[in-house]
Amino acid sequence: MNAELTSLMGGSQSMSTWDYDCFYASVFEAENPALKSLPLAVQQKQIVVTCNYEARRRGLRKLQLIKEAKRICPDVVIMLGEDLTKFRDASKELHAFLKKNTWGNRVEKLGFDELLNRHDLQNSFFQLDKFDPTVGFAFDASTFCGPTYPAEPCPSVKEDGEQLWFSSLDVGLRLGSHLANYLRHQLEQHTPYTATVGISTSKLLAKLVGNLNKPRLQTTLRPPYSATDDGQGGNVASFLGQHEIGKIPGIGFKMAHRIRTHILGREPNLDVYEGLAEEDNVSVDVVRSFPGMGPVKLDEIFRGGGWPKDIGTKVWGLLNGVDDTEVAVGKAFPSQISIEDSYSQVDNLQSVRNELLPLTRKLLRRMHADLTEDEEGEELTTGHATVQAGRHLPVKRKKRWLGCPRTLRLSTRSRPPSLPDVGHQLHSNRISKSCPMPRFVFSFSETVEALAERLVEDTIVPLFRRLHPDKSGYKLSLINIAATNMMECAGSENSGVGQDIGAMFRNQGPRPTQFSNLPAVCSHRVTESHFDNQHHGLKHVVDGEVDQTRGDAAVLEWTSDEDGESENSATPHDECTICGAFIPWFAVQAHSIYHSVQT
DNA sequence: ATGGGTCCT
DNA sequence: AGGACCC
C-alpha cells in the first residue's frame, strides 16, 4: 500500500463501534417484553438515566429529573436501576457475542453499552469462525450496506461504467458495512438486544458516524476521506467540521470550555440546566480555520491545565480527523472494581459504618465474580457455580484468582454548602485514601459476610479516619470503595492468542448463560456458488486494476500480501488451484485454511 | 446528576 | 492522590 493510503487508513482497514440501544431500558424489556410498548424510564436516585424510544417519543430524555419525567409523561413506567449487576451481566453477554465473531480478540469495551470491533477482513470475509471454515455469509460488494455519510456518493467518485475503480479504503469500508450488517442481524436473531453501529477507519470517526442513524441502524463514513485532486474536500473534513467541539470524543468539558473561551473572546454562557447556549456553540470548522490555530496555539490554550504534554498535537489531530489509537485487545478482567452509593447526608461514624458494610459485601462479591475462575478455566458465574448444565450433582470446584488488586481505595464526596453552584462541573469534590489490599480478602474458605466485616473494621474504617480526621463536620454525599492496581496472577494469561484460543474451545460446549444456544455466526455454508457470489460482488475491483486473463492456476502463490496491503502489487486476486474460485487478496489466507481443514 | 470505568500527571 | 476523559 502506498504511503498516502496507509496514512489515510491508519493502516487499519475498518472498524465498527457498537452502541446498544437504550441499554438499561432494553435489559428490563428483555426481562419483561410487555414493557416494550410502554414508556419506560430507568431511575437512579433522582434522575432518569435512560429511557426507551416510546418514552423519548413522549418527550422524556436521559438525565432528566424524575419529577420532570412524571410531569411530562404521567403514565411512565419507572424501573430502579441503581444496582448494576443485571446490566453488567447483559454487557458481558453482548461482549462475548462480538468477541466470538472477531479475530484476534480485537474488541474493546468503552462502557457497558459500547464496544469497538476491529474488522479483520483477511480472515472474516470467508471465514468468520476461527475454527469452522464453513461459516461465512454472502453479500454484494458493489454497494455499501445500510445508510452512509454522505447518503450518496460524491460526484468525483461517481461510478462510471468501465472505469470503475475502488480504492483499498473503499473496499475495506464496503466489506466492513456488510460485516456489520450481518452481525447486527445475528445479534437481533439470537439476543433480545439491538445495536446502532458506526463503520469507519478510526475510533473517532466510527463513533461519530454511528450517531447518525439511531436506533437499530448503521452508518458508514464513505470515501474519499481526504481532499481529491479535483479540489473536492474529503468526507472526513465535511463530516467533522459541523460538530460542536465538545461533541468530539477526547475533547471533554474542560478543554471545550477553554477552546470556546478563546474563540469567542469571552466566557461562554453556561445555563444551569440547558448547558451551552446556542449562540455559544463553536464548531470544529470554526476552530480549525481560526487565525493562528494549530497544535502550538492549542498547547497555549490548554497551558496550566495539567493535561498531557502532547495535548495540542493530539487535539489538532482530532479536529482534522486523525486518530491513530489502536483497537485494544479485550482484557480478561477489569483493571479496577469499584462500588459506590450516594446519600443525602452521612455525617457520623456509625452511619458511615452502616453504609460501608453493604458496599464492602458488594465489592467482595464482584471481586469473586470478575476476578476468579475455576481450575478447568471456566469463568464462574455467581450463584451458578455449583450447578452444571445437564447434571444435578453439586460440583465442588476449586477457584483461583485471575487478577489480584493490590490496593484498596476509599473515596468520599462532601456535600457542598447548599449554594446552587452554576459551575458545578468545575470541581469534582472527591477525595480519597488508599492502602494495601489485605491478603485475607483472597481467602476462599471464609464467607463473604465474615470477610466484609473484618475488612470494614480492620482496614476501611482506619482509612476513613485518615480521610476525615475530624470527628464530625463532614457531610458525605457519596462513598466509594475500590479495588485497584490490579495485578495479573501467576498462571493466568490475561490477553493474547493463548487465552483467546482457550476461550474458543470452551465456547464449543454448553454455556450456562442466557444465550447459551447462540452460534458464533449463522450456518451459511461456503459453497461453490457462494464463491461465485463473492466473486461477482468484487469483479469491479479486479476489472479496474489488473489483467484478469492471467488466471495461471498452476503458479498460484499464497505467500505474498500477508498484511492485505496488496493494492499496488500484481496479485490482488487469484484463482485457487484446488477449487478454481477467484479469491480476493484479503481472503486468501482464510481460503487456504478452508482447504487445509477440509476432508 | 448516577454508578460506574479509562488513562495520565 | 487527584484530575481529565468516557459511557
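Throughout, a chain's letter reflects where its sequence line sits, starting with A, and its residues are numbered from 1. Owing to the predicted nature of the structure, the values given are computational and were not obtained by experimental measurement.
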Which comes earlier along DNA chain B counting from the 5' end, the contact point of Ser342(A) or that of Pro308(A), where each point is its nearest nucleotide?
Ser342(A)

Among the nucleotides dG2(C), dG3(B), dC5(C), which one has an atom lying closest to any side-chain atom of Asp341(A)?
dG3(B)

The side chain of Gln44(A) is closest to which nucleotide in this list: dT6(B), dG3(B), dC8(B)?
dG3(B)

Output the rounded distance in Å from CD (Gln46(A)) to C1' (dA1(B)).
9 Å

What nucleic acid atoms does Gln43(A) come within less than 4.0 Å of, heavy atoms only: base, sugar-phosphate, or nothing?
nothing

Atom-to-atom span, CE of Met486(A) to C1' of dT6(B) - whole angstrom
13 Å

Just checking Lys309(A): base, sugar-phosphate only, or nothing, at a heavy-atom cut-off of under 4.0 Å?
sugar-phosphate

Whole-Å distance between dC7(B) P and Trp307(A) CH2?
20 Å

In terms of side-chain heavy atoms of Ser335(A), which of dC7(C), dT6(B), dA1(B) is nearest?
dT6(B)

Please give, in whole Å, the distance from dG2(C) C1' to Gln336(A) CD?
13 Å

Tell me, yes or no, whether the heavy-atom count around Arg266(A) atom CZ, taken from other residues, nucleotides or ligands under 6.0 Å, exceeds 12.
yes

So Leu478(A), base contact, sugar-phosphate only, or nothing? Heavy-atom distance under 4.0 Å.
nothing

Describe the nucleic acid contact of Glu114(A) in one word from base, sugar-phosphate, nothing, applying a heavy-atom distance below 4.0 Å.
sugar-phosphate

Relative to the ring of Phe87(A), is the ring of Tyr24(A) parallel (under 30°), tilted (30 to 60°) or perpendicular (over 60°)?
parallel

Can you tell me if Thr85(A) and Asp83(A) form a side-chain donor-acceptor pair at under 3.5 Å?
yes

What is the distance, to the nearest angstrom, from the NZ atom on Lys62(A) to the P atom on dT2(B)?
17 Å

Pairing donors with acceptors under 3.5 angstrom, does anything connect the side chains of Tyr225(A) and Ser200(A)?
yes

Per atom distances to the Ser432(A) side chain, the nearest of dA1(C), dC6(C), dT2(B) is dA1(C)

Aromatic ring proximity, centroids under 6.0 angstrom, Phe97(A) and His190(A):
no

Where the side chain of Ile431(A) is concerned, which of dC7(C), dT6(B), dG2(C) is the nearest nucleotide?
dG2(C)

Which nucleotide in the list dG4(B), dA4(C), dT2(B) gets nearest to the side chain of Ile47(A)?
dT2(B)

Taking atom C1' of dT6(B) as reference, at what distance in whole Å does atom CZ of Arg430(A) sit?
14 Å

From NZ of Lys314(A) across to P of dC8(B) the rounded distance in Å is 9 Å

Testing dG3(C), dG3(B), dA1(B) for proximity to the side chain of Glu340(A), the answer is dG3(B)

Which residue lies toward the 5' end of DNA chain B, Leu110(A) or Gln64(A), if each is placed at its nearest nucleotide?
Gln64(A)

Between Asn101(A) and Gln186(A), do the side chains contain a donor N or O and an acceptor N or O under 3.5 Å apart?
no

Would you please confirm or rule out a distance under 4.0 Å between OP1 or OP2 of dA4(C) and any side-chain N or O of Lys254(A)?
yes

Which part of the nucleic acid, if any, lies within contact of Arg88(A), taking any heavy atom under 4.0 Å across all strands shown: a base, the sugar-phosphate backbone alone, or nothing?
sugar-phosphate

Return no unless some side-chain N or O of Lys331(A) is found under 4.0 Å from OP1 or OP2 of dT6(B).
yes

When rounded to whole Å, the CZ to C1' distance for the pair Phe253(A) and dC7(C) reads 18 Å

Side chain of Asp21(A), backbone of Lys214(A): donor and acceptor closer than 3.5 Å?
no

Base, sugar-phosphate, or nothing for Gly250(A), non-hydrogen atoms under 4.0 angstrom?
sugar-phosphate

Nearest of dT2(B), dG4(B), dA1(C) to any side-chain atom of Leu84(A)?
dG4(B)

Just to be sure I understand the rule, does Lys207(A) reach a base, reach only the sugar-phosphate, or reach nothing, if contact means heavy atoms closer than 4.0 Å?
sugar-phosphate

In terms of side-chain heavy atoms of Ser434(A), which of dT6(B), dA1(C), dG2(C) is nearest?
dA1(C)

If you look at every strand shown and take non-hydrogen atoms under 4.0 Å, does Leu359(A) touch a base, only sugar-phosphate, or nothing?
nothing

